[in-house]
Amino acid sequence: MSNRILSSLLVVILGVTFSCTETSPGSETSESQKSGKAKNIILLIGDGMGLSQVSSAFYFKESTPHFKRFPTVGLIRTSSTIKITDSAAGATAFSTGKKSYNGAIGVDADTVSQTTILEIASDLGWNSGVIATSSITHATPASFFAHVKSRGMAEAIAAQLVTSDVDFFAGGGLQYFNGSQDGINTIEELSKADFDINTTSLAVESLQGTRKYGFLLAEDGMPRMLDDRGDFLPNATQMALDYFSLSDSPFFIMVEGSQIDWGGHANNEDYLVSELIDFDNAIGKALDFAEKDGNTLVVVTADHETGGYTLSANDGNYDDIKGTFSTGGHSTTLIPVFAYGPGSELFGGIYENTGIFDKMMEAAGIRSAQ
Ligand SMILES: [Zn+2]
């Protein structure tokens, strides 16, 4: 796992301990429960997931949606430096706390690299992971570990993964690592950097806390749920949690349901809803872990809405739903935020997308001096 030096000039731990009034004296609690701080953070991003997309789980999922398990709900305004964001600027707002231009990956509006929460946490000795159903070089995951001026620079993003702080990653994007486009075999570089790389299946004989793991299971994006992707996303989430549990160190993990967005762009309700339900199953894994652990903050949100999706009546029949779409692109409706665990109360209210970064930092008791 990460051997980064624990101290960093950029980062100071707040010397403040919050007193926890909800814990009765004498009850057994861990240090972070006593201080009310999150030891671990799981951030789940449903790309393109507006309120209607979330609502679809309540009409189309056969079991109760895991969304229902969150005690705190808020709303974010998702604009980038222009009114309607893309996924790159949206994820960069979450990862760095800065509004940037559409296409920006971990850089501010002047293309200057900004330290991400994953990097800040790693500098403090946290372990970290990224999981996506897109290529792992795609805008959302990339914005947590890479810094490039344009989201299209997939090979450069892949190369930055090698020297990044990431300890565990899973998703697609093999073609950007195999050297076919720029002659540099990034898979070999990952192996030299102590990654155990698997390009065929999400399987490890026995997870070891001293190793780093990478799964690149498709040339580009992972298959759609409609094309039998199976439980890749919930299983990868569970595997990451099992892996991080081998260490006493805190961890930060970003899990993206990437293709909710693609179903919205395609104005394909079956595609959208199947991806949304899969994402909800990954949320279930995170919440199960957090409930047992007691020190883990789980935050679920989206970068923006896609498709202008609406749960409208099927041909005027108010007892039947057939979703409609108003655009093949993104919309700028306010986006829901769900939070569970230490610091979750910070996530209520209506605020900017950059507030996700600020609140995660506050919940973990970390302050950035950048
Ligand atoms: Zn999109």
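First listed ligand is number 1; within each ligand, the first listed atom is number 1.
- P71 and Y340 get closest at one heavy-atom pair: CD-CD1, 3.8 Å.
- The Zn ion (ligand 1) is the vertex of the angle joining OD1 of D261 and NE2 of H330, which measures 100° to the nearest 10°.
- Listed by chain and number, the residues in a side-chain hydrogen bond (donor to acceptor under 3.5 Å, both in side chains) with S344 amount to none (sequence neighbours excluded).
- For the pair K359 and Y351, the cation-pi test (distance below 6.0 Å, angle within 45°) is passed.
- In summary, no N, O or S atom of H304 is located under 2.8 Å from the Zn ion (ligand 1).
- Using a cut-off of 2.8 Å, one finds that D86 contributes no N/O/S atom close to the Zn ion (ligand 1).
- Ring pair F145/F168: centre-to-centre distance not below 6.0 Å.
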